[in-house]
Amino acid sequence: MTERPDPAGFATTANPVFNQDALARFALGYPETPHRLTHSLLQHPLLELEALAQLGEALPEKSLEYNRGDLPIGIRPEDIPSNGRTIGDTIRNIESADSWAVLKNIEQIAAYRDLLLALLGELEDVSGPTTGAMLRPEGFIFVSSPQSMTPFHFDPEHNILLQLRGWKTMTVFPAGDARFAPPKVHEAYHSGGPRNLEWNEDFAAYGTGFRLNAGEAIFVPVMAPHYVRNGDTPSISLSITWRSEWSFAETDAHAMNSVLRKLGLNPRAPSRYPVHNTAKSFGWRALRKLKLVG
């Protein structure tokens, strides 16, 4: 059965990062509509460049991803070129490194876990009544050179990206639209494949661009395809993410569809919120429990 971690013990910050206007906007758009928010998480000592370089050096190799930043919108993971630097060197020299770096699962370090849980604690009263408890909280920090690109992809989590330094433009596409992420792509991802998506220039007319300056944030729905282009200055962003029983159910339904497709069937794509995809998700979990699938 797919693991369902217990909700973490969130603590609300003494000085809230998200004000009442931001929480009201979040409530209006969550969980299916991308929308802009504001935040006050600027000049935090854990998020300064040297602190992030040291964080990168402290995290295990599997939690680091960094490469050249001069990438096209669509590229396969195996084709992304290395930048030839260490993670510490990449971050300390991000202004001239022509690179893009992400520090994954920052909650592995106690101080960053406390920060992540405090931020999510400010949001749980809004998200909880809609999608249930916040599960598997994770944090990611992006450090980007000017004009660097994060290619077209999707993510399985509920996600708020906070812009801390510089600016960038995130272009978001409708979640659940098979034009941008066909069912077979979802099934491959949920069965262990990559999250990068194939890009077609015809897609450009359907994306919504959100320019994010320092002090602004964006909520990105589960599995909403997007790409990010950095502005003309170095950028630091913090992504705070969580899962929900709804997001896990959709994940399991996609995985079950991959099994059905291998049996020669042509299964219907899982539904988006608020349908819970109960039959297929329970079917997948049963197969997992019986160890009939990986």
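Worth saying up front: this structure is predicted, and the values here are computed from it rather than measured.
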Not counting sequence neighbours, which residues clear salt bridge (charged side-chain N to carboxylate O under 4.0 Å, His left out) with E95? List them please. none

What pairs meet the salt bridge (charged side-chain N to carboxylate O under 4.0 Å, His left out) rule with one or both residues in residues 42-56, with sequence neighbours excluded? E50-R92

The criterion is side chain to side chain donor-acceptor pair (under 3.5 Å); which residues satisfy it with H35, sequence neighbours excluded? none

Taking salt bridge (charged side-chain N to carboxylate O under 4.0 Å, His left out) as the test, write out the residues that go with R179, two or more places apart. D177

Using ring-ring contact (aromatic ring centres under 6.0 Å, His included) as the criterion, list what pairs up with F18, not counting sequence neighbours. none

Can you list everything that forms a salt bridge (charged side-chain N to carboxylate O under 4.0 Å, His left out) with D70? Sequence neighbours excluded, please. R68

Side chain to side chain contact (heavy atoms under 4.5 Å, CB included) partners of D202, counting only residues at least two apart: N200

State which residues pass salt bridge (charged side-chain N to carboxylate O under 4.0 Å, His left out) with E78; sequence neighbours excluded, sorted by chain then number. R76

Holding to side chain to side chain donor-acceptor pair (under 3.5 Å), I want the full list of residues that pass it with N257, two or more places apart in sequence or in another chain. K280

Mind checking what makes ring-ring contact (aromatic ring centres under 6.0 Å, His included) contact with H226, not counting sequence neighbours? H153

Only counting residues at least two apart or in another chain, list the ones meeting ring-ring contact (aromatic ring centres under 6.0 Å, His included) with F26. Y30, F219

Please give the remaining members of the hydrophobic cluster of V172, linking ILVMFWY side chains under 4.5 Å, ordered by chain and number. W100, V102, F140, F142, L161, M170, F210, L212, I218, V220, V228

